[in-house]
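Atom set for the values below is all heavy atoms of this structure, side chains included, hydrogens, waters and symmetry mates excluded. Since the structure is predicted, the reported quantities are computational estimates derived from the model, not experimental observations.
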Amino acid sequence: MREPTTGDTAPKATAGPSVPHEKSRFFALTLGSIGVVYGDIGTSPLYALRESLRHLHGGGFDRDEVFGVVSLLIWALIVVVTLKYVIFLMRADNKGEGGTLSLLALVEGAIGRTPFVFMLAAAGAALFFGDAIITPAISVLSAIEGLEVVTPAVTPWVLPLTLVVLAVLFAVQARGTGAVAAWFGPITAVWFAILAISGFVHILDDPGIVFALDPRHAVRFLGEAGGIGLVVLGSVFLAVTGAEALYADMGHFGRLPIRVAWLGFVFPALAVHYLGQGAFLATHHEAIDNPFFLMMPTWTLIPMVIMATLATVIASQAVISGAYSLTRQAIRLGLLPRFEVRHTSETERGQIYMPRVNRMLFVGVVLLVVTFRSSSNLASAYGISVTATMLVDSALAVVMLHAAWKWPLWKALAIVLPFAAVESVFLAANSMKIVDGGWVPVGLAGALMVMMWTWSRGSGIVLERIRRESVPLSDFLRMIGRSHPFRPEGTAVFLTLDPETAPTAALHNLKHNRVLHRHNLILNVRTARAPWVADEERLEIRALNEDFTLVLVTFGYAETPDIPLALTLLRKEGIKFDIMKTTFFVGRRSFKPSARSEMPAWQDRLFVRLAREASDATDFYRIPSGRVVELGQQMHV
C-alpha cells in the first residue's frame, strides 16, 4: 500500500537549531492528540468491563469468565483500533484529512457521486451524530455516579449534577475552546497515567490475569457462553467507541503523532487497566456495581470523581467539536443547507462554533440523560451507531482502494473483509440493544439521512431549473451591449450558482435599476474534493469582455468560505479590488412547495423547511453586510 505523506507531521531529520523546534512541535502534537483523539476511548474503563460482566448470570460470574471478557476487551482494541485504524485506514488520507466524508471526496473524485456511495457517506455522517449525542450523556453521567461510592446520600443529586455539568459544557461552546484546549492533552495524559497505575496495582490481586492477553481465552469464552456471548460482545464494543476519532482527527494532528500516542502510551495504559480491573473483579465479585471507583483507595475517591468528570468533559468536547467539523464538511459537499458558522479563534481556523448544531446536540443529550437516568441504561443505546459507522468506513475503503488507488478488487477485499467481518459480529451484537434503547441513535441517523437525501435531491432540482429558466451568459453579454445603463464607479460582484448562465441578481439590477458598474465580476464558488486549497489554486479568472470578468473561486470541503479574503488574491493578477469600493449583489431565493414537484409532497415540504433554516449567503461567505445588495426571487420546487 502506498504511504501518502500529506498527513504526516513528523519531524524531519535536519541539522542545526531547527531540530529542537521540530521535536517540541512533534511532542505538542502527540500530547494534543492524547487529549482530543483519545478522550472518548479513554473514558470507556468507567463502564465497559462492568456492563460486559453484568450480562453473565445476573452478575454472578466466575474467574474464567472474567479472563475471557478481559481478553475480548483487549483484543477488540488490538483488532479494531490498532490494526484497522492505526495501521491500515490512516494511510488513506485526503491531503492529510481523514474521516467518512474525506473517503467520500476521494471516491467521488474517482467515480463521481453514485447513489450507493452517497447513501454510504450520508449514513456514516448521520451515525456520527448519534454517537455525538450519546457520548456526553453516558460519559459525564458515569463520572458523576462515582459520588455514589463516596456516599449513597448523593444518589438523588447525580442526575441534577450531570445536567449542570452538561449545561455548562454546551454554554461555553460559543466562547470557543482555545483557552482550555491547551489543558486537554496534559489532563488526559494524567488520566491515562492513573488508569495504568491503578491497573498495575490491582494486577497483583490475581497475577494470572496477564494470561488474558492470550486470545484463546476470548475464543474459549465465546465458545462456552453460547447465545449470551453475543450479548456480551455488544458491551465489549463499548471499549472501542471513539476509535473512529483516530481517522477523523488525522488532519488536526497528523498520522505519526496519533500513532505514537496510541502505540506508545494510550493502548498500554488501557490494556494494563483492563487487566487490573479484571483481576480486581475476579477477587471482589461484589464490586460489580461500580468497579472503577471501588478499586481506588478510599481517600482518592473525591479526587477521582473530579478527575473522571474532567476526562469525560474533555471526551465530550472532542465529540462536539467533531460534530461541528463534520457538519461544515457536509455543508460544503452539498449534503446539508448552509448553517451559521462562527469562528471562535483569530489564529486557529479549525476552532468554530455552530449555534444550530450546538442546540440540537444539547437538547438531544438532555433528553437522553432524563430518559435513561443511569449510565447502565444508556449503555443499551450506545455502540450501534459507532459500529455501523465503522462498517461504512470499511465499505468506502473498498471502493476507494479499487476506484481511486486502482487496486484489484480481490486485493481490496482481502485487506478490508477481515475487519468488516469482525465489525459485522459487533453490529449483530449491538443490534440486540435496539429495543432497549439502541433505536435512539438509529432513529436519529435515519432522520438525518432523510434530511441529507432531501437537501441533495432538492438542490439538484433547483439548479437544473435555474439552468432551464435562466438566460445564457453569452446572450446576457450581447444584450448589455445593446442597452445603455447608468455606469457608476466601483466594482460590482454578482454571485451565481452556474457560471454558464447570467446571474439572476445582474438581470434584476439591469431590469429594475438600469445600472451597470464600471467593473463587474461574476463569481461562482466551487467546492474541491480536497480538504484545503492553496492560494495559487484558489482563483480561476476568465475575461469575458471589457465590462465583465468571470471568477471561479474554489474552497476545500474542510474550509469556511471567505469571499472577500479570496478576492484579495485578484491583486496578484493585476485586477484592482478594494472592498470599500465594491458592491456584492446576492440573489435571495425563497421556495414554495409545488403540486408538480419532482419530489413527493412530504419531501418537497421538508426541502422548503430546510431552505428556510439555511443561513443567507452574506453571512455564510463572510461578506460585509454593509457592502451587499440582496435581490429576492420566489421559486416553486
Side-chain angles (χ1 to χ4, degrees), residues 41 44 48 51-52 55 68-69 71-89 92 99-100 103-104 107 116-117 119-128 130-131 134 215 218-219 221-223 225-248 379-402 409-443 445-446 449:
I41 204 169
S44 295
E51 296 304 321
S52 299
H55 297 298
V69 172
S71 185
L72 281 171
L73 288 167
I74 292 175
W75 278 93
L77 291 172
I78 293 173
V79 174
V80 176
V81 183
T82 306
L83 296 180
K84 179 185 176 180
Y85 281 95
V86 174
I87 294 178
F88 166 62
L89 204 53
T100 301
L103 276 177
L104 169 65
V107 171
F116 171 72
V117 170
M119 292 305 294
L120 272 181
L127 287 162
F128 179 87
D131 180 40
I134 296 180
V219 174
F221 169 80
L222 292 176
I228 199 66
L230 193 62
V231 178
V232 172
L233 277 176
S235 295
V236 166
F237 190 78
L238 295 172
V240 297
T241 54
E244 72 283 359
L246 285 165
Y247 189 38
S380 298
Y382 203 28
I384 188 168
S385 59
V386 183
T387 324
T389 302
M390 291 178 176
L391 268 174
V392 168
D393 286 345
S394 295
L396 284 173
V398 171
V399 181
M400 185 274 300
L401 291 172
H402 180 58
L409 183 58
W410 68 266
K411 186 178 179 182
L413 290 172
I415 292 291
V416 179
L417 276 184
F419 300 121
V422 172
E423 290 159 354
S424 296
V425 173
F426 277 124
L427 182 61
N430 279 288
S431 296
M432 301 175 70
K433 302 178 180 180
I434 287 181
V435 176
D436 296 326
W439 58 269
V440 174
V442 173
M449 283 184 66

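Residues Thr241 and Ser44 form a side-chain contact, since some pair of their non-hydrogen atoms from C-beta on lies under 4.5 Å apart. The shortest side-chain heavy-atom distance between Leu427 and Met390 does not fall under the 4.5 Å cut-off. Counting heavy atoms from C-beta on, the side chains of Asn430 and Val386 never come closer than 4.5 Å. In this structure the side chain of Ile384 never reaches within 4.5 angstrom of the side chain of Leu127, judged on heavy atoms. A 4.5 Å side-chain heavy-atom check between Phe116 and Val399 finds at least one atom pair inside the cut-off. In this structure the side chain of Phe128 never reaches within 4.5 angstrom of the side chain of Thr100, judged on heavy atoms. Proximity of Val442 to Ser385: side-chain heavy atoms (C-beta onward) are nowhere separated by under 4.5 Å. By the 4.5 Å heavy-atom criterion applied to side chains, Met432 and Leu230 are counted as neighbours.
For Phe237, the ring-ring contact (aromatic ring centres under 6.0 Å, His included) partners at least two apart in sequence or on another chain are Phe426.
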Give the C-alpha distance, both sets of side-chain angles, the deciding distance and a yes or no for side chain to side chain donor-acceptor pair (under 3.5 Å) between Ser394 and Glu423.
CA-CA 9 Å; Ser394 295; Glu423 290 159 354; 2.9 Å; yes
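Scanning all heavy atoms of the two residues, the minimum distance from Ala243 to Val81 falls at CB-CG2, 3.7 Å. When all heavy atoms are compared, the tightest approach of Phe419 to Val79 is CE2-O, 3.9 Å.
Checking side-chain atoms of Lys433 against main-chain N and O of Ala379 turns up a donor-acceptor pair under 3.5 Å.
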